[in-house]
Amino acid sequence: MTDNSIARARPRVSKLVLFMGTTLLSSAAFAQDTPTELQPIVVTGADEASPLSGGTGYTAEETTAGFKGGVSLVEVPRLVSVVTAQEIADRAPVQIEDALAYTPGVSASNWGVDDRYDQFTIRGFDTGSKGIYRDGLIQKSINFSGFKTDPWMVERIDVLRGPTGVMYGPGEAGGMVNIVSKRPRFETFAEGRLQYGSHNTAQAAIDLGNSNAAGTLAWRLTGLMRNGGNEVEDAQDDRLLGAFGVTWAPTDRTEVTFLGHYQEDNLAPNMFLPVAGEDYDASFGALPESFVDSQHDFNQFDTEGWSIGYQARHEVNSQLTLRQNLRYSEQDTTYRHLYYSGMASATQMQFYDFTVFETASTFAVDTQVEYRATLGAAENTLVAGLDYTRQIVDGTQGFGAGYLIDVTNPSYGFGVSDPGNYIDRKTTEDQTGLYVQNHTRFENGVTLTAGLRKSWVETETENRLTNTTSTQDDDALTMSLGATWDLGNGYVPFASYAEGFTTNIGSSFDGTAFKPTESEQFEVGLRYYPVGRNLMLSAAVFDVTKTNVLTADPLNPNFQVQTGEVRHRGLELEARGQLTEQLAAIFSYSYIDAKITESNNGDKDNAAAKVPEHLASLWLDYAFAGRLEGLKLGGGVRYVGESWGDNANSRKVDDYILADVSVSYAWDDYRVSLGVTNLFDKDYAATCETVSYGCISGEGRELTLALSRKF
């Protein structure tokens with residue numbers, strides 16, 4: 001690793017200054033003499049029902065989750081939650097995982113103090129690295145490259161439960177998250193924000209846009225600069241972000257939106273540590289806070305990434321619409337980590353030095369044809385499409401001999417150098433999918449949604465250490481089927497079946513290539529949305545099964561076999577919207593019974609690791625009227641139940657309760673807000689591993705004071 005490559009991942013302020021300056025100068029061409037109309041805190045645009053809008057309050061009317069053509073949310077035969085623009089503004093999440101904290105079925109920040117990736121589970125399945133999409137296109141982690149999205153550039157977040165094989169091809173069984181980017185609006189707006197918070201974290205952000213007088217061209221610029229840290233001493237939490245959008249709409253039938261962004265991050269990796277009385281003898285005492293709240297100077301996680309793409313739509317006529325979404329993303333990652341790897345003896349902790357230097361890229365394109373027709377008394381929408389994704393990761397990984405630290409006198413007072421490489425390779429994965437979805441709305445209130453997809457996945461790995469190249473080809477046929485029935489008075493029951501799969505690279509001891517892991521889900525539920533009220537209540541029961549799961553080979557410890565099976569069953573409840581004109585609420589509850597139903601390792605019938613059996617949350621937001629108009633008070637409580645740290649069920653992770661608070665006051669063009677997460681600074685373990693391998697601490701109290709102004 002050269003000095004130049006290390007510097008490449010550090011912030012280059014001049015890039016953003018040049019980018020922002022160019023955009024601001026270009027805005028003069030679109031400036032209008034008409035005065036700017038001041039809007040509420042959250043502006044959702046002209047069409048609040050659009051699946052691309054921020055919604056109305058805490059609810060949204062339409063979604064593209066579950067049906068790519070976009071339908072009313074109540075006509076999706078599966079549970080869908082939308083984190084709206086208003087919720088994002090009220091809770092001011094720092095990460096995408098924080099934005100999902102009050103969503104049913106989602107266990108957010110389940111890896112504790114770890115800023116490298118957006119990490120969460122849906123219905124007990126690890127979805128953060130495998131199930132994130134942005135604007136309908138894949139944005140999954142590739143090896144150690146996470147492609148994180150900052151909430152400041154987000155309009156809304158849609159969460160779909162269950163396998164998504166028909167929609168997107170390979171994906172986790174728990175579901176998927178689609179992040180909708182902020183995009184240009186045909187109006188003049190501008191907002192600036194200054195923030196200061198815990199650990200001397202300072203941030204400045206802008207969001208502004210305009211359009212030409214003819215209403216055919218609009219632009220938007222979103223920027224952010226942060227310098228700070230987290231509760232780990234000397235850890236970095238720095239970000240430089242510039243995002244832009246340009247929409248060209250020459251007619252009401254044609255629209256093309258170009259979206260791009262540039263981002264640099266300097267973050268800190270996570271840290272598992274042993275617990276006295278659990279991982280080592282309690283008589284040696286707990287590790288001192290000065291050690292627990294610190295890391296070796298060797299640790300770093302620096303990234304530099306960018307993306308560019310477009311979303312195009314053309315209505316040929318009232319029945320036929322053509323769409324194409326395309327994006328190219330790239331990220332350079334410099335990652336060094338001295339990490340704890342278990343107790344080497346009764347008193348000595350084993351640490352290993354690990355490095356990753358890689359470049360990852362994703363090219364994704366999705367081309368769709370939508371045909372709408374009336375079949376007797378039924379309205380029918382057919383969407384057929386072809387999507388293609390190429391993901392490439394090229395780089396090295398190093399692994400060292402290790403270091404010992406004594407629990408009786410722990411210290412990072414020693415030098416660490418980059419270890420030798422044990423991986424030097426380039427992996428290219430091509431995914432192609434041919435799909436069809438159909439949505440029929442009958443006159444009696446019944447809707448039927450069905451889908452079928454054929455997926456092909458080709459993987460090629462060039463191993464530069466052995467000068468060999470290996471390939472693997474997989475394919476899968478997946479389907480989905482569901483129905484809803486509007487009974488009137490706001491009651492809509494629904495039922496569905498869905499399939500999915502994930503690919504597995506490698507082979508068993510006898511050389512047999514791994515087959516894809518397959519998943520299927522049955523779900524039945526009920527929605528209630530009172531007519532004339534901005535409120536929706538939902539309930540669902542589900543049964544998800546994964547087969548062909550990889551497990552350790554009991555006869556050959558360095559290999560895996562494909563005999564595992566897991567089954568997650570449960571219940572989810574959600575209520576979100578306006579309880580009164582001034583009081584808004586979000587309530588969620590989840591029960592997940594996660595079992596290992598097949599295993600060769602003695603884990604059969606055990607609970608699956610890292611799946612809390614119970615999850616519950618409540619967020620209330622009250623907007624004062626009269627003399628106190630402009631003042632808002634928000635508060636929430638989150639409960640995460642007990643879980644197991646390992647599949648052997650040898651170690652329990654205790655449950656915990658966290659409280660959050662938000663206070664804001666808006667007057668004229670200004671708004672000041674104070675947000676606090678983990679209000680009582682609860683000390684808890686986010687998760688643990690098997691005995692002797694330790695736990696990772698959850699995030700402590702975080703305070704953020706912000707002042708914003710609209711221009």
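Quick note: residue numbers are just sequence positions, from 1. Everything numeric in this text was worked out from a predicted model, so none of it was measured. In what follows, every heavy atom counts, from backbone to side chain, and hydrogens, waters and symmetry copies are set aside.
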Derivation of the salt bridge (charged side-chain N to carboxylate O under 4.0 Å, His left out) call for E75 and R441
CA-CA 9 Å; E75 294 181 0; R441 182 187 300 109; 2.7 Å; yes
Would R156 and D158 count as a salt bridge (charged side-chain N to carboxylate O under 4.0 Å, His left out) if you check the C-alpha gap in whole Å, the side-chain angles of each, and the deciding distance to 0.1 Å?
CA-CA 7 Å; R156 64 186 266 177; D158 293 39; 2.8 Å; yes
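Judged purely by distance below 3.5 Å, without hydrogens or angles, the side chains of Q324 and T367 pair a donor atom with an acceptor atom. With hydrogens and angles left out, the side-chain atoms of Q368 and E370 include no donor and acceptor closer than 3.5 Å. Residues R327 and Q311 have side chains that never bring a donor and an acceptor to within less than 3.5 angstrom of each other. Of the N and O atoms on the side chains of S329 and S307, not one donor lies less than 3.5 Å from an acceptor on the other residue. Looking only at atom types and distance, the side chain of T333 has a donor-acceptor partner in the side chain of Q331 under 3.5 Å away. Side-chain contact annotation: E574 with S81, donor-acceptor N/O pair under 3.5 Å present. Defined by atom type and a distance below 3.5 Å, a donor-acceptor pair is present between the side-chain atoms of N380 and N438. Of the N and O atoms on the side chains of N504 and T517, at least one donor lies less than 3.5 Å from an acceptor on the other residue. A donor atom on one side chain and an acceptor atom on the other are not found under 3.5 Å apart for E572 and S588. Neither side chain, S50 nor E62, offers a donor N or O lying under 3.5 Å from an acceptor on the other.
Counting heavy-atom neighbours within 6.0 Å of K454 NZ, excluding the residue itself, gives a total above 12. Summarising the local packing, CG of N489 is surrounded by 12 or fewer heavy atoms from other residues, nucleotides or ligands at distances under 6.0 Å. Counting non-hydrogen atoms of other residues, nucleotides and ligands closer than 6.0 Å to CH2 of W485 gives a total of 12 or fewer.
With values rounded to the nearest 0.5 angstrom, E499 atom CD is found 7.5 Å from L477 atom CG. With values rounded to the nearest 0.5 angstrom, I132 atom CD1 is found 12.5 Å from K130 atom NZ.
Aromatic pair H261/F244: centroids not less than 6.0 angstrom apart. You'll find the ring centres of W306 and Y328 inside the 6.0 Å limit. Aromatic ring centroids of F522 and F542 lie 6.0 Å or more apart.
Put simply, the side chain of S181 never gets that close to the backbone of R183: no donor and acceptor are under 3.5 Å apart. A distance-only check finds no donor-acceptor pair linking the side chain of D150 to the backbone of M153 [under 3.5 Å].
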Less than 3.5 Å apart, which donor and acceptor atoms pair up between the side chains of residues 446-453 and the rest of the protein, not counting sequence neighbours?
{"unit_1": "T447", "atom_1": "OG1", "unit_2": "T484", "atom_2": "OG1", "d": "2.4"}
{"unit_1": "T449", "atom_1": "OG1", "unit_2": "H439", "atom_2": "ND1", "d": "2.8"}
{"unit_1": "R453", "atom_1": "NE", "unit_2": "S455", "atom_2": "OG", "d": "2.8"}
{"unit_1": "R453", "atom_1": "NH1", "unit_2": "M167", "atom_2": "O", "d": "3.4"}
{"unit_1": "R453", "atom_1": "NH1", "unit_2": "D387", "atom_2": "OD2", "d": "3.0"}
{"unit_1": "R453", "atom_1": "NH2", "unit_2": "D387", "atom_2": "OD1", "d": "2.7"}
{"unit_1": "R453", "atom_1": "NH2", "unit_2": "D387", "atom_2": "OD2", "d": "3.2"}

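The residues R567 and E565 are annotated as not salt-bridged, no charged nitrogen and carboxylate oxygen being separated by less than 4.0 angstrom.
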